2 protein chains.
Amino acid sequence: MARRTTPPPPSSLSPAPPSRESGPRVTRRRAETRRRLLAAAFDAFAELGVGRVRVEDVCERARYTRGAFYSNFDSLDELFFVLYQERAAAMTAEVTAALASEERPARGDVVARVVAALSFDRSWSLVVAEFTLYAARRPALSAQLAERRDAVQVALARVVDRAVERGHLPASMRSADGLAAAILTIYHGVSGEMLIHRDEARARAWLTDLLSVLVG
Amino acid sequence: MARRTTPPPPSSLSPAPPSRESGPRVTRRRAETRRRLLAAAFDAFAELGVGRVRVEDVCERARYTRGAFYSNFDSLDELFFVLYQERAAAMTAEVTAALASEERPARGDVVARVVAALSFDRSWSLVVAEFTLYAARRPALSAQLAERRDAVQVALARVVDRAVERGHLPASMRSADGLAAAILTIYHGVSGEMLIHRDEARARAWLTDLLSVLVG
DNA sequence: CATATCTGATACACTTACGTATCTGATACG
DNA sequence: CGTATCAGATACGTAAGTGTATCAGATATG
(Lines give C-alpha, C1' and ligand atoms only; values in the text may rest on other atoms or scores of the structure.)
Protein backbone atom coordinates (compact mmCIF):
# COMPACT_ATOMS: atom_id res chain seq x y z
CA MET A 1 0.00 0.00 0.00
CA ALA A 2 1.80 3.05 -1.26
CA ARG A 3 0.23 6.10 0.28
CA ARG A 4 0.00 9.01 -2.07
CA THR A 5 2.37 11.80 -1.25
CA THR A 6 3.39 14.97 -2.98
CA PRO A 7 4.90 14.28 -6.39
CA PRO A 8 8.32 15.74 -7.18
CA PRO A 9 8.59 18.97 -9.10
CA PRO A 10 8.34 18.81 -12.86
CA SER A 11 11.55 18.07 -14.64
CA SER A 12 11.90 21.44 -16.31
CA LEU A 13 13.87 22.89 -13.48
CA SER A 14 16.73 24.07 -15.57
CA PRO A 15 16.67 27.76 -16.40
CA ALA A 16 17.61 26.79 -19.93
CA PRO A 17 14.78 26.34 -22.39
CA PRO A 18 13.11 22.93 -22.26
CA SER A 19 14.73 20.40 -24.54
CA ARG A 20 11.73 20.45 -26.80
CA GLU A 21 12.54 24.00 -27.71
CA SER A 22 16.18 23.51 -28.45
CA GLY A 23 15.27 21.58 -31.61
CA PRO A 24 16.07 22.83 -35.05
CA ARG A 25 13.34 25.43 -35.28
CA VAL A 26 10.10 26.63 -33.87
CA THR A 27 7.47 27.61 -36.40
CA ARG A 28 5.33 30.65 -35.92
CA ARG A 29 2.35 28.41 -35.74
CA ARG A 30 3.83 26.41 -32.94
CA ALA A 31 4.88 29.48 -31.00
CA GLU A 32 1.35 30.82 -31.31
CA THR A 33 -0.11 27.54 -30.12
CA ARG A 34 2.15 27.55 -27.15
CA ARG A 35 1.29 31.13 -26.34
CA ARG A 36 -2.42 30.41 -26.46
CA LEU A 37 -2.11 27.31 -24.34
CA LEU A 38 -0.18 29.26 -21.71
CA ALA A 39 -2.73 32.07 -21.72
CA ALA A 40 -5.59 29.60 -21.38
CA ALA A 41 -3.78 27.80 -18.60
CA PHE A 42 -3.25 31.03 -16.71
CA ASP A 43 -6.99 31.65 -16.66
CA ALA A 44 -7.78 28.05 -15.78
CA PHE A 45 -5.28 27.86 -12.95
CA ALA A 46 -6.47 31.17 -11.53
CA GLU A 47 -10.09 30.15 -11.76
CA LEU A 48 -10.01 26.50 -10.76
CA GLY A 49 -6.77 26.04 -8.83
CA VAL A 50 -3.86 23.95 -9.97
CA GLY A 51 -5.06 20.65 -8.58
CA ARG A 52 -8.46 20.80 -10.27
CA VAL A 53 -7.46 21.87 -13.74
CA ARG A 54 -7.65 19.13 -16.41
CA VAL A 55 -5.87 18.96 -19.72
CA GLU A 56 -9.30 19.20 -21.31
CA ASP A 57 -9.97 22.49 -19.52
CA VAL A 58 -6.87 24.11 -20.89
CA CYS A 59 -7.51 22.79 -24.41
CA GLU A 60 -11.10 23.99 -24.45
CA ARG A 61 -10.12 27.44 -23.34
CA ALA A 62 -7.34 27.61 -25.91
CA ARG A 63 -9.53 26.03 -28.62
CA TYR A 64 -7.12 23.20 -29.28
CA THR A 65 -7.29 19.48 -28.71
CA ARG A 66 -5.10 17.35 -26.51
CA GLY A 67 -2.80 16.67 -29.41
CA ALA A 68 -1.66 20.26 -29.30
CA PHE A 69 -1.23 20.14 -25.56
CA TYR A 70 0.96 17.02 -25.56
CA SER A 71 2.90 18.26 -28.52
CA ASN A 72 3.97 21.22 -26.40
CA PHE A 73 4.03 20.03 -22.80
CA ASP A 74 4.68 16.76 -21.01
CA SER A 75 2.14 17.32 -18.27
CA LEU A 76 -0.01 19.84 -16.51
CA ASP A 77 2.66 20.17 -13.85
CA GLU A 78 5.19 21.18 -16.48
CA LEU A 79 2.73 23.64 -17.93
CA PHE A 80 2.10 25.17 -14.53
CA PHE A 81 5.76 25.45 -13.80
CA VAL A 82 6.63 27.00 -17.17
CA LEU A 83 3.70 29.37 -16.88
CA TYR A 84 4.76 30.57 -13.47
CA GLN A 85 8.37 31.02 -14.54
CA GLU A 86 7.49 33.08 -17.56
CA ARG A 87 4.84 35.16 -15.91
CA ALA A 88 6.90 35.76 -12.80
CA ALA A 89 9.86 36.87 -14.88
CA ALA A 90 7.67 39.30 -16.77
CA MET A 91 5.96 40.58 -13.65
CA THR A 92 9.24 41.01 -11.82
CA ALA A 93 10.64 42.93 -14.75
CA GLU A 94 7.60 45.19 -14.75
CA VAL A 95 7.74 45.90 -11.05
CA THR A 96 11.47 46.51 -11.01
CA ALA A 97 11.16 48.74 -14.04
CA ALA A 98 8.40 50.73 -12.40
CA LEU A 99 10.50 51.06 -9.29
CA ALA A 100 13.53 52.14 -11.24
CA SER A 101 11.85 54.34 -13.79
CA GLU A 102 12.34 57.65 -12.11
CA GLU A 103 14.73 59.41 -9.90
CA ARG A 104 14.84 58.51 -6.31
CA PRO A 105 11.56 59.58 -4.75
CA ALA A 106 11.39 62.33 -2.24
CA ARG A 107 10.88 61.04 1.22
CA GLY A 108 7.18 61.68 1.27
CA ASP A 109 6.62 59.87 -2.00
CA VAL A 110 8.25 56.54 -1.26
CA VAL A 111 5.12 54.75 -0.13
CA ALA A 112 3.02 55.95 -3.02
CA ARG A 113 5.77 54.95 -5.40
CA VAL A 114 6.06 51.46 -4.00
CA VAL A 115 2.32 50.88 -3.85
CA ALA A 116 1.92 52.04 -7.42
CA ALA A 117 4.64 49.70 -8.64
CA LEU A 118 3.36 46.53 -7.03
CA SER A 119 0.84 44.30 -8.77
CA PHE A 120 -2.70 43.86 -7.55
CA ASP A 121 -3.92 41.85 -10.51
CA ARG A 122 -6.37 39.31 -9.17
CA SER A 123 -5.56 36.43 -11.48
CA TRP A 124 -1.89 36.91 -10.92
CA SER A 125 -2.37 36.99 -7.16
CA LEU A 126 -4.33 33.75 -7.37
CA VAL A 127 -1.64 32.07 -9.44
CA VAL A 128 1.09 33.30 -7.11
CA ALA A 129 -0.79 31.91 -4.14
CA GLU A 130 -1.24 28.62 -5.97
CA PHE A 131 2.44 28.43 -6.79
CA THR A 132 3.36 29.32 -3.24
CA LEU A 133 1.37 26.38 -1.96
CA TYR A 134 2.72 24.17 -4.72
CA ALA A 135 6.29 25.12 -3.82
CA ALA A 136 5.59 24.78 -0.12
CA ARG A 137 5.04 21.09 -0.78
CA ARG A 138 8.10 20.71 -3.01
CA PRO A 139 11.21 22.03 -1.27
CA ALA A 140 13.18 21.92 -4.49
CA LEU A 141 11.01 24.77 -5.80
CA SER A 142 11.65 27.17 -2.95
CA ALA A 143 14.57 28.59 -4.87
CA GLN A 144 12.31 29.62 -7.77
CA LEU A 145 10.18 31.67 -5.43
CA ALA A 146 13.18 33.10 -3.66
CA GLU A 147 14.69 34.31 -6.93
CA ARG A 148 11.67 36.32 -7.83
CA ARG A 149 11.32 37.68 -4.40
CA ASP A 150 14.98 38.65 -4.24
CA ALA A 151 14.85 40.54 -7.50
CA VAL A 152 11.91 42.63 -6.32
CA GLN A 153 13.52 43.07 -2.94
CA VAL A 154 16.67 44.46 -4.52
CA ALA A 155 14.67 46.93 -6.57
CA LEU A 156 12.73 48.00 -3.49
CA ALA A 157 15.90 48.37 -1.48
CA ARG A 158 17.25 50.76 -4.08
CA VAL A 159 14.17 52.92 -3.82
CA VAL A 160 14.12 53.13 -0.04
CA ASP A 161 17.84 53.22 0.50
CA ARG A 162 18.39 56.93 0.57
CA ALA A 163 14.88 58.17 1.02
CA VAL A 164 13.95 56.47 4.25
CA GLU A 165 15.39 57.01 7.68
CA ARG A 166 15.64 53.70 9.43
CA GLY A 167 16.95 54.49 12.85
CA HIS A 168 13.55 53.91 14.42
CA LEU A 169 13.30 50.38 13.09
CA PRO A 170 14.44 47.13 14.68
CA ALA A 171 17.85 45.84 13.71
CA SER A 172 16.42 43.46 11.14
CA MET A 173 15.08 46.39 9.14
CA ARG A 174 17.90 48.87 9.52
CA SER A 175 19.41 47.85 6.20
CA ALA A 176 17.65 48.81 3.00
CA ASP A 177 17.39 45.12 2.24
CA GLY A 178 15.76 44.33 5.54
CA LEU A 179 13.26 47.11 5.09
CA ALA A 180 12.50 45.91 1.60
CA ALA A 181 11.87 42.45 2.99
CA ALA A 182 9.44 43.92 5.49
CA ILE A 183 7.63 45.77 2.72
CA LEU A 184 7.25 42.52 0.81
CA THR A 185 5.93 40.63 3.82
CA ILE A 186 3.29 43.27 4.37
CA TYR A 187 2.46 43.35 0.68
CA HIS A 188 1.92 39.61 0.69
CA GLY A 189 -0.42 39.90 3.65
CA VAL A 190 -2.43 42.62 1.94
CA SER A 191 -2.63 40.92 -1.43
CA GLY A 192 -3.70 37.68 0.20
CA GLU A 193 -6.57 39.45 1.90
CA MET A 194 -7.55 41.12 -1.33
CA LEU A 195 -8.38 37.70 -2.75
CA ILE A 196 -11.25 37.53 -0.29
CA HIS A 197 -12.57 41.07 -0.23
CA ARG A 198 -11.82 41.62 -3.95
CA ASP A 199 -11.38 45.37 -3.62
CA GLU A 200 -8.16 46.52 -5.20
CA ALA A 201 -8.53 50.13 -4.15
CA ARG A 202 -9.07 49.05 -0.56
CA ALA A 203 -5.99 46.87 -0.70
CA ARG A 204 -3.86 49.69 -2.05
CA ALA A 205 -5.10 52.10 0.60
CA TRP A 206 -4.48 49.53 3.30
CA LEU A 207 -0.98 48.81 2.05
CA THR A 208 -0.32 52.52 1.91
CA ASP A 209 -1.31 52.91 5.53
CA LEU A 210 0.73 49.95 6.69
CA LEU A 211 3.81 51.05 4.80
CA SER A 212 3.50 54.56 6.09
CA VAL A 213 3.87 53.19 9.61
CA LEU A 214 6.93 51.27 8.55
CA VAL A 215 8.56 54.14 6.74
CA GLY A 216 7.79 56.69 9.40
CA MET B 1 -19.58 23.09 -24.84
CA ALA B 2 -19.89 23.82 -21.14
CA ARG B 3 -16.63 25.19 -19.95
CA ARG B 4 -15.69 24.05 -16.48
CA THR B 5 -15.93 26.77 -13.91
CA THR B 6 -15.71 26.85 -10.15
CA PRO B 7 -18.36 24.67 -8.56
CA PRO B 8 -20.62 26.20 -5.92
CA PRO B 9 -19.79 25.75 -2.24
CA PRO B 10 -20.85 22.54 -0.57
CA SER B 11 -24.36 22.52 0.73
CA SER B 12 -23.46 22.38 4.40
CA LEU B 13 -23.45 26.11 4.77
CA SER B 14 -25.79 26.26 7.65
CA PRO B 15 -24.15 26.78 11.01
CA ALA B 16 -26.48 24.10 12.33
CA PRO B 17 -25.20 20.56 12.36
CA PRO B 18 -25.53 18.75 9.05
CA SER B 19 -28.81 16.91 8.67
CA ARG B 20 -27.04 13.60 8.90
CA GLU B 21 -26.13 14.38 12.47
CA SER B 22 -29.58 15.45 13.61
CA GLY B 23 -30.78 11.87 13.29
CA PRO B 24 -31.93 9.79 16.23
CA ARG B 25 -28.51 8.98 17.55
CA VAL B 26 -24.86 8.83 16.79
CA THR B 27 -23.05 5.77 18.03
CA ARG B 28 -19.65 5.96 19.59
CA ARG B 29 -18.33 3.92 16.74
CA ARG B 30 -19.65 6.35 14.19
CA ALA B 31 -18.34 9.35 16.04
CA GLU B 32 -14.93 7.74 16.16
CA THR B 33 -15.03 6.95 12.46
CA ARG B 34 -15.91 10.53 11.69
CA ARG B 35 -13.17 11.82 13.91
CA ARG B 36 -10.57 9.61 12.22
CA LEU B 37 -11.72 10.55 8.76
CA LEU B 38 -11.47 14.24 9.62
CA ALA B 39 -8.01 13.79 11.09
CA ALA B 40 -6.84 11.88 8.03
CA ALA B 41 -8.34 14.47 5.74
CA PHE B 42 -6.54 17.25 7.57
CA ASP B 43 -3.22 15.58 6.86
CA ALA B 44 -4.12 14.81 3.28
CA PHE B 45 -5.35 18.30 2.49
CA ALA B 46 -2.27 19.84 4.07
CA GLU B 47 0.05 17.52 2.23
CA LEU B 48 -1.56 17.28 -1.20
CA GLY B 49 -3.77 20.31 -1.51
CA VAL B 50 -7.53 20.24 -1.69
CA GLY B 51 -7.78 19.77 -5.43
CA ARG B 52 -5.53 16.73 -5.55
CA VAL B 53 -6.87 14.74 -2.62
CA ARG B 54 -8.94 11.68 -3.56
CA VAL B 55 -11.48 9.85 -1.50
CA GLU B 56 -9.12 6.90 -1.57
CA ASP B 57 -6.35 9.00 -0.03
CA VAL B 58 -8.46 9.95 2.96
CA CYS B 59 -9.70 6.39 3.45
CA GLU B 60 -6.23 4.89 3.31
CA ARG B 61 -4.91 7.33 5.84
CA ALA B 62 -7.87 6.74 8.13
CA ARG B 63 -7.76 2.96 7.54
CA TYR B 64 -11.34 2.78 6.35
CA THR B 65 -12.92 2.02 3.03
CA ARG B 66 -15.03 4.25 0.85
CA GLY B 67 -18.15 2.91 2.49
CA ALA B 68 -17.21 4.67 5.69
CA PHE B 69 -16.44 7.85 3.85
CA TYR B 70 -19.79 8.02 2.03
CA SER B 71 -21.65 7.01 5.13
CA ASN B 72 -20.35 10.16 6.81
CA PHE B 73 -19.87 12.72 4.04
CA ASP B 74 -21.48 13.50 0.72
CA SER B 75 -18.32 14.58 -1.01
CA LEU B 76 -14.75 15.67 -0.54
CA ASP B 77 -15.88 19.28 -0.74
CA GLU B 78 -18.23 18.75 2.17
CA LEU B 79 -15.46 17.07 4.10
CA PHE B 80 -13.12 19.95 3.44
CA PHE B 81 -15.70 22.48 4.45
CA VAL B 82 -16.65 20.67 7.66
CA LEU B 83 -13.00 20.14 8.50
CA TYR B 84 -12.21 23.79 8.10
CA GLN B 85 -15.20 24.89 10.13
CA GLU B 86 -14.39 22.63 13.03
CA ARG B 87 -10.69 23.25 13.03
CA ALA B 88 -11.06 26.98 12.61
CA ALA B 89 -13.52 27.13 15.48
CA ALA B 90 -11.13 25.24 17.70
CA MET B 91 -8.14 27.29 16.62
CA THR B 92 -9.99 30.55 17.09
CA ALA B 93 -11.05 29.48 20.55
CA GLU B 94 -7.46 28.63 21.42
CA VAL B 95 -6.07 31.89 20.18
CA THR B 96 -8.73 34.00 21.82
CA ALA B 97 -8.31 32.08 25.06
CA ALA B 98 -4.57 32.60 24.96
CA LEU B 99 -5.11 36.28 24.32
CA ALA B 100 -7.61 36.56 27.15
CA SER B 101 -5.92 34.29 29.63
CA GLU B 102 -4.07 36.90 31.63
CA GLU B 103 -4.41 40.42 32.73
CA ARG B 104 -3.84 43.13 30.24
CA PRO B 105 -0.20 43.06 29.27
CA ALA B 106 2.13 45.81 30.17
CA ARG B 107 2.95 47.97 27.26
CA GLY B 108 6.26 46.32 26.60
CA ASP B 109 4.75 42.86 26.60
CA VAL B 110 1.98 43.28 24.05
CA VAL B 111 3.92 42.08 21.06
CA ALA B 112 5.33 39.05 22.81
CA ARG B 113 1.86 38.19 24.05
CA VAL B 114 0.31 38.43 20.63
CA VAL B 115 3.06 36.49 18.90
CA ALA B 116 2.85 33.76 21.51
CA ALA B 117 -0.91 33.42 21.07
CA LEU B 118 -0.99 33.13 17.30
CA SER B 119 -0.63 29.78 15.58
CA PHE B 120 2.38 28.83 13.52
CA ASP B 121 1.41 25.21 12.99
CA ARG B 122 2.51 24.29 9.50
CA SER B 123 -0.31 21.95 8.57
CA TRP B 124 -2.85 24.41 9.85
CA SER B 125 -1.24 27.22 7.88
CA LEU B 126 -1.37 25.07 4.76
CA VAL B 127 -5.03 24.26 5.28
CA VAL B 128 -5.88 27.90 5.96
CA ALA B 129 -4.13 28.92 2.78
CA GLU B 130 -6.01 26.22 0.88
CA PHE B 131 -9.32 27.36 2.29
CA THR B 132 -8.51 30.97 1.53
CA LEU B 133 -7.98 30.11 -2.11
CA TYR B 134 -11.04 27.88 -2.09
CA ALA B 135 -13.16 30.71 -0.65
CA ALA B 136 -11.61 33.25 -3.00
CA ARG B 137 -13.23 31.32 -5.82
CA ARG B 138 -16.59 30.96 -4.04
CA PRO B 139 -17.87 34.34 -2.87
CA ALA B 140 -20.53 32.71 -0.73
CA LEU B 141 -17.76 31.42 1.54
CA SER B 142 -16.18 34.76 2.28
CA ALA B 143 -18.39 35.11 5.32
CA GLN B 144 -16.93 31.94 6.85
CA LEU B 145 -13.46 33.39 6.68
CA ALA B 146 -14.61 36.76 7.89
CA GLU B 147 -16.23 35.24 10.99
CA ARG B 148 -13.05 33.59 12.10
CA ARG B 149 -11.03 36.62 11.37
CA ASP B 150 -13.42 38.89 13.23
CA ALA B 151 -13.36 36.75 16.34
CA VAL B 152 -9.58 36.86 16.50
CA GLN B 153 -9.61 40.54 15.69
CA VAL B 154 -11.90 41.28 18.57
CA ALA B 155 -9.69 39.36 20.96
CA LEU B 156 -6.63 41.19 19.67
CA ALA B 157 -8.35 44.53 19.97
CA ARG B 158 -9.03 43.83 23.63
CA VAL B 159 -5.40 43.14 24.26
CA VAL B 160 -4.07 46.22 22.51
CA ASP B 161 -6.83 48.56 23.51
CA ARG B 162 -5.36 50.06 26.64
CA ALA B 163 -1.78 49.00 26.31
CA VAL B 164 -0.88 50.61 23.03
CA GLU B 165 -0.68 54.28 22.19
CA ARG B 166 -2.02 54.84 18.74
CA GLY B 167 -1.59 58.51 18.09
CA HIS B 168 1.33 57.86 15.76
CA LEU B 169 -0.69 55.58 13.49
CA PRO B 170 -2.76 56.48 10.44
CA ALA B 171 -6.46 57.04 10.95
CA SER B 172 -7.33 53.49 9.86
CA MET B 173 -5.40 52.08 12.81
CA ARG B 174 -6.27 54.57 15.50
CA SER B 175 -9.04 52.36 16.83
CA ALA B 176 -8.14 49.18 18.66
CA ASP B 177 -10.05 47.32 15.98
CA GLY B 178 -8.11 48.91 13.16
CA LEU B 179 -4.83 48.13 14.85
CA ALA B 180 -5.92 44.54 15.39
CA ALA B 181 -6.74 44.31 11.70
CA ALA B 182 -3.25 45.53 10.86
CA ILE B 183 -1.74 42.94 13.17
CA LEU B 184 -3.68 40.22 11.37
CA THR B 185 -2.64 41.41 7.94
CA ILE B 186 0.99 41.30 8.96
CA TYR B 187 0.54 37.93 10.62
CA HIS B 188 -0.93 36.52 7.42
CA GLY B 189 2.03 37.82 5.44
CA VAL B 190 4.47 36.26 7.85
CA SER B 191 2.73 32.91 8.10
CA GLY B 192 2.46 32.70 4.32
CA GLU B 193 6.20 33.16 4.00
CA MET B 194 6.82 30.57 6.67
CA LEU B 195 5.31 27.97 4.35
CA ILE B 196 8.29 28.45 2.09
CA HIS B 197 11.18 28.91 4.50
CA ARG B 198 9.70 26.43 7.03
CA ASP B 199 11.35 28.06 10.03
CA GLU B 200 8.84 28.76 12.76
CA ALA B 201 11.30 30.50 15.03
CA ARG B 202 12.30 32.79 12.21
CA ALA B 203 8.69 33.60 11.48
CA ARG B 204 7.97 34.43 15.10
CA ALA B 205 11.02 36.67 15.33
CA TRP B 206 10.07 38.41 12.09
CA LEU B 207 6.51 38.95 13.26
CA THR B 208 7.81 40.28 16.52
CA ASP B 209 9.94 42.82 14.73
CA LEU B 210 7.17 43.90 12.39
CA LEU B 211 4.67 44.28 15.20
CA SER B 212 7.11 46.22 17.30
CA VAL B 213 7.22 48.82 14.53
CA LEU B 214 3.45 48.94 14.48
CA VAL B 215 3.04 49.18 18.21
CA GLY B 216 5.78 51.68 18.69
C1' DC C 1 -30.46 -13.04 25.14
C1' DA C 2 -33.08 -11.77 20.96
C1' DT C 3 -34.07 -8.38 17.95
C1' DA C 4 -33.77 -4.23 15.48
C1' DT C 5 -30.93 -0.99 13.73
C1' DC C 6 -26.69 0.88 12.39
C1' DT C 7 -22.59 1.23 9.82
C1' DG C 8 -18.81 0.22 7.36
C1' DA C 9 -16.87 -3.27 3.58
C1' DT C 10 -17.21 -4.73 -0.90
C1' DA C 11 -18.36 -5.38 -5.63
C1' DC C 12 -19.77 -3.15 -9.44
C1' DA C 13 -21.34 -0.01 -13.12
C1' DC C 14 -20.16 4.03 -14.95
C1' DT C 15 -17.64 8.28 -15.77
C1' DT C 16 -13.63 10.92 -16.13
C1' DA C 17 -9.10 11.63 -17.46
C1' DC C 18 -4.70 10.53 -19.33
C1' DG C 19 -1.18 9.50 -22.71
C1' DT C 20 -0.11 7.46 -27.18
C1' DA C 21 -0.08 6.08 -32.04
C1' DT C 22 -1.50 7.36 -36.35
C1' DC C 23 -2.77 10.35 -39.85
C1' DT C 24 -3.54 14.42 -42.49
C1' DG C 25 -3.57 19.20 -43.20
C1' DA C 26 -0.28 23.12 -42.55
C1' DT C 27 4.00 25.10 -43.31
C1' DA C 28 8.84 25.81 -44.53
C1' DC C 29 12.25 25.63 -47.88
C1' DG C 30 15.06 24.81 -52.11
C1' DC D 1 5.92 24.31 -57.44
C1' DG D 2 7.25 19.88 -55.28
C1' DT D 3 8.89 17.80 -51.41
C1' DA D 4 9.99 17.11 -46.73
C1' DT D 5 8.88 18.06 -42.25
C1' DC D 6 6.06 19.68 -38.69
C1' DA D 7 2.31 19.83 -35.61
C1' DG D 8 -2.08 19.42 -34.22
C1' DA D 9 -6.64 16.32 -34.54
C1' DT D 10 -8.55 12.11 -33.55
C1' DA D 11 -9.48 7.54 -31.98
C1' DC D 12 -8.36 4.45 -28.73
C1' DG D 13 -6.68 1.64 -24.85
C1' DT D 14 -6.01 1.98 -20.19
C1' DA D 15 -6.08 3.65 -15.59
C1' DA D 16 -8.03 6.27 -12.07
C1' DG D 17 -11.85 7.75 -9.61
C1' DT D 18 -16.68 8.16 -8.16
C1' DG D 19 -21.01 6.92 -6.13
C1' DT D 20 -24.34 3.26 -5.18
C1' DA D 21 -26.59 -1.06 -3.84
C1' DT D 22 -26.13 -4.81 -1.05
C1' DC D 23 -24.73 -7.35 2.76
C1' DA D 24 -22.90 -8.93 7.05
C1' DG D 25 -20.74 -7.84 11.21
C1' DA D 26 -21.15 -4.41 15.05
C1' DT D 27 -23.83 -2.23 18.33
C1' DA D 28 -27.73 -0.58 21.07
C1' DT D 29 -31.75 -1.65 23.57
C1' DG D 30 -35.68 -3.84 25.96
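A note on names: the letters A, B, ... follow the listed sequences, proteins ahead of strands, and every chain is numbered from 1. From a predicted model like this one, the values you see are computed outputs, not experimental measurements.
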Enquirer: With sugar-phosphate meaning primed atoms plus P, OP1 and OP2, does Thr65(B) contact a base, only sugar-phosphate, or nothing at under 4.0 Å between heavy atoms?
Expert: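 Result for Thr65(B) = base.
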
Enquirer: Is the positively charged end of Arg138(A) above the ring of Tyr134(A), judged by distance under 6.0 angstrom from the centroid and angle within 45° of the axis?
Expert: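 That pair qualifies as a cation-pi contact.
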
Enquirer: Between Arg30(B) (side chain only) and Ser71(B) (backbone N and O only), is there a donor and an acceptor less than 3.5 Å apart?
Expert: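 Checked: pair present.
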
Enquirer: In whole Å, what is the span from the CZ atom of Arg36(B) to the C1' atom of dG8(C)?
Expert: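 In whole Å, dG8(C) C1' lies 12 Å from Arg36(B) CZ.
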
Enquirer: Is any side-chain N or O of Asn72(A) closer than 4.0 Å to OP1 or OP2 of dG8(D)?
Expert: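 Looking at the OP1 and OP2 atoms of dG8(D), one of them is under 4.0 Å from a side-chain N or O of Asn72(A).
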
Enquirer: Please list, for nucleotides 17-21 of chain D, all pairs of protein and nucleotide N/O atoms separated by less than 3.5 Å.
Expert:
{"from": "dG17(D)", "atom 1": "O3'", "to": "Arg54(B)", "atom 2": "NE", "distance (Å)": "3.4"}
{"from": "dT18(D)", "atom 1": "OP1", "to": "Arg54(B)", "atom 2": "NE", "distance (Å)": "3.3"}
{"from": "dT18(D)", "atom 1": "OP2", "to": "Val55(B)", "atom 2": "N", "distance (Å)": "3.3"}
{"from": "dG19(D)", "atom 1": "OP2", "to": "Tyr70(B)", "atom 2": "OH", "distance (Å)": "2.5"}
{"from": "dG19(D)", "atom 1": "N7", "to": "Arg66(B)", "atom 2": "NE", "distance (Å)": "3.4"}
{"from": "dG19(D)", "atom 1": "O6", "to": "Arg66(B)", "atom 2": "NE", "distance (Å)": "3.3"}

Enquirer: What are the two closest non-hydrogen atoms of Ala129(A) and Leu195(A), and how far apart are they?
Expert: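 So the minimum-distance heavy-atom pair works out to CB-CD1, 4.3 Å.
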
Enquirer: Rounded to whole angstrom units, what separation is found between the CD atom of Glu60(A) and the C1' atom of dA9(D)?
Expert: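 Going from CD in Glu60(A) over to C1' in dA9(D) covers 15 Å.
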
Enquirer: Can a side chain N or O of Arg29(A) be found less than 4.0 Å away from OP1 or OP2 on dG8(D)?
Expert: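 So the side-chain polar atoms of Arg29(A) do come within 4.0 Å of the phosphate oxygens OP1 or OP2 of dG8(D), strictly under.
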
Enquirer: Do the side chains of Arg148(B) and Glu86(B) get close enough for a salt bridge, i.e. N-O under 4.0 angstrom?
Expert: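 So Arg148(B) does not pair with Glu86(B) through a salt bridge.
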
Enquirer: Tell me: CD of Glu32(B) to C1' of dA26(D), nearest whole Å?
Expert: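 Interatomic distance, CD of Glu32(B) to C1' of dA26(D): 15 Å.
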
Enquirer: Can you check whether Thr27(A) has a side-chain N or O nearer than 4.0 Å to OP1 or OP2 of dC6(D)?
Expert: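 For dC6(D), neither OP1 nor OP2 has a side-chain N or O of Thr27(A) closer than 4.0 Å.
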
Enquirer: Does dA28(C) have OP1 or OP2 sitting under 4.0 Å from an N or O in the side chain of Arg28(A)?
Expert: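 Yes, because at least one side-chain N or O of Arg28(A) sits under 4.0 Å from OP1 or OP2 of dA28(C).
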
Enquirer: Can you tell me the distance, in whole Å, between the CZ atom of Arg30(B) and the C1' atom of dT5(C)?
Expert: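 Atom CZ in Arg30(B) sits about 13 Å away from atom C1' in dT5(C).
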
Enquirer: If you look at every heavy atom in Leu214(B) and Ala182(B), which pair is closest and at what distance?
Expert: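 Smallest interatomic distance, heavy atoms only, reads CD2-CB, 3.9 Å.
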
Enquirer: OP1 or OP2 of dT7(C) less than 4.0 angstrom from a side-chain nitrogen or oxygen of Ser71(B), does that happen here?
Expert: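 For dT7(C), OP1/OP2 do not have a side-chain N/O of Ser71(B) under 4.0 Å.
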
Enquirer: Would you call Glu94(A)-Arg87(A) a salt bridge at under 4.0 Å N-O?
Expert: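 No, Glu94(A) and Arg87(A) are not salt-bridged.
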
